[in-house]
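Chain naming here is simple, since letters A, B, ... match the order of the sequence lines and numbering starts at 1 in each.
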Amino acid sequence: MNETPKSLQISPIRNGTVIDHIPAGEAFNVLRILGITRATTDTLSIATNVASGKAGRKDIVKIENRELKKEEVDRIALIAPQATINIIRNYLVFDKKGVQIPKLLHGVVRCPNPGCISNTNEPIQSRFEVTEKGLHCLYCDWYLTEDIAGHII
Amino acid sequence: MRHIISIKEFEKGEIDALLDRARAIDAGDYDRHALEDKILGVLFFEPSTRTRMSFEAAMARLGGSSIDMGGVEVSSVVKGETLADTVRVVSGYADAIVLRHPKEGAARLATEFSSVPVINAGDGAGQHPSQTLIDLYTIRQAMPLDGIDVGLLGDLRYGRTAHSLAYALTNYDVTIHTLAPEGLEMPPNVIGNLRDRGVEVVEHTDIAEFARGLDVMYVTRIQRERFPDTASYYAVASSYRVTPDLLAGARTRMIILHPLPRVDEIDPRVDALPHARYFQQARNGIPIRMALLLEVMG
């Protein structure tokens, strides 16, 4: 027998959120979207390059004592459209849902065009529509097609 | 409330109706008191002699008046006021706003804060719909807009007038030809969009061959401010020049347009040739802008 013994790769959480099916390598961008860029007092577990039946490899993020806001889920959907969000209460999955990229993104992504009015101190949020060609800035007409993670606000 | 922000928002029927209206105005068929009680707020955050003067002249010819904020250096902009606040304030003074701004998307922003119609008179490298309507009108004075070859020459990377005209022409049966100095070619995504809209786009490298096959040659200026130093600007700026010799093999009906100001991309000797229509094009700013002012305030 040469099988790898089954074990929990990261420990369960009592209350919080498990973000599963994140594309391999994107877990740290998910953390950045959630504003977790340094040590946190709550339990945080990250698993990268976990074997996945669907995708081959995936990342998983578990965050204790936090349930995600809609805007946060919208941002995660941009870089992890296949992700599932599991709300955990008292160690049980209370709710499980997929993510969906909204048709319009308000204040989610920064326009890559330095000449765009949305990159100034005007009292507006960036506004993009999601198209097949990429994210379309509704102010300056530019298309964001690459490095979307790097432009998430 | 009708805003005029981008030529892409116009359907073919609307463009044709505006051009027809401008033609009637050109022929003297308009009410000289149509906008007698109206005030146009002229918000120009960067210099533009022709666009500004032609909007003011168009307003005056319709019996209306204009107010402006003076130069940026004497306006509240130097105190740090946002465009949003400026627009909110001026829309309380005027019946429509014409806006020129260095930032792309500024006109779109203005529509969110204005209680009166906004006309985009150019925002950054973005949209300049009234210029495009002038271009179409000038072409239509010479020939039908269908079944023609239109050549775009010059800075096709940053030149907003060339992009807008190209998009507007997708409403018609045209072939678009492009020729640009190296590094200033039409962006691939723009060419892709034009082709998606069913227009044939032919990219040229030889200016003589380019000039021979056109009904319209649209020339734009190389913008010096795009280059890091004078030498690199002149290396590109001198890479093309429209001369009488170049035009010797051109089609008889071919017309040359230029949004002006020109620097040295068109030889002054071309001005006397029947192909030259750029000063007529500039004059056409009046009927087109009168038609637009009537559209939003009439």
Side-chain angles (χ1 to χ4, degrees), chain A residues 23 26 29 32-33 69-75 77-81 101-153, chain B residues 3 5-9 43 45-46 77 79-89 99-114 118 120 122-129 132 157-160 163-164 166-167 187-197 223 225-226:
Chain A
E26 294 290 349
N29 279 326
R32 195 171 61 77
I33 287 168
K69 299 174 194 149
K70 181 185 179 303
E71 303 81 58
E72 292 171 327
V73 174
D74 288 350
R75 286 170 169 81
L78 288 174
I79 58 168
I101 300 176
K103 287 181 180 168
L104 285 173
L105 300 166
H106 292 270
V108 173
V109 176
R110 187 181 66 256
C111 182
N113 174 10
C116 178
I117 194 77
S118 68
N119 287 322
T120 63
N121 66 342
E122 296 293 335
I124 54 168
Q125 290 187 317
S126 70
R127 213 166 66 203
F128 283 83
E129 66 173 340
V130 180
T131 73
E132 286 180 1
K133 289 182 183 175
L135 303 184
H136 175 218
C137 176
L138 292 176
Y139 282 103
C140 75
D141 252 0
W142 274 49
Y143 280 84
L144 173 57
T145 55
E146 296 173 349
D147 188 24
I148 289 172
H151 290 85
I152 292 174
I153 296 168
Chain B
H3 302 291
I5 304 303
S6 165
I7 197 70
K8 290 181 189 173
E9 294 167 352
L43 297 185
F45 289 81
E46 63 177 18
V77 175
K79 299 175 187 168
E81 185 178 57
T82 61
L83 172 62
D85 279 1
T86 305
V87 165
R88 265 192 283 228
V89 170
L99 175 72
R100 174 78 159 228
H101 198 278
K103 291 289 182 184
E104 288 152 52
R108 186 84 58 201
L109 174 145
T111 65
E112 295 173 27
F113 295 92
S114 176
V118 174
N120 186 2
D123 52 355
Q127 300 290 329
H128 195 359
T132 303
R157 181 173 178 186
Y158 301 107
R160 65 181 168 210
H163 294 180
S164 293
Y167 278 116
N189 67 313
V190 176
I191 291 180
N193 287 338
L194 297 174
R195 287 180 174 148
D196 287 348
R197 290 168 180 237
Q223 299 171 75
E225 60 273 23
R226 303 289 187 196

Any side-chain heavy-atom pair of B:H101 and A:I117 under 4.5 Å: yes
Which of B:D123, B:L109, B:D85, B:I5 touches chain A most, by non-hydrogen pairs under 4.5 Å: B:L109
Salt bridge flag under 4.0 Å for residues B:D196 and A:K133: yes
Engaged part of A:N119 at the chain B interface, taking heavy atoms whose separation is under 4.5 Å: neither
Salt bridge B:E9-B:R108, side-chain N to carboxylate O under 4.0 Å: yes
Student check: side-chain heavy atoms of A:Y139 and B:K103 closer than 4.5 Å: no
Chain B contact via A:T120 - which portion, at a heavy-atom distance below 4.5 Å: side chain
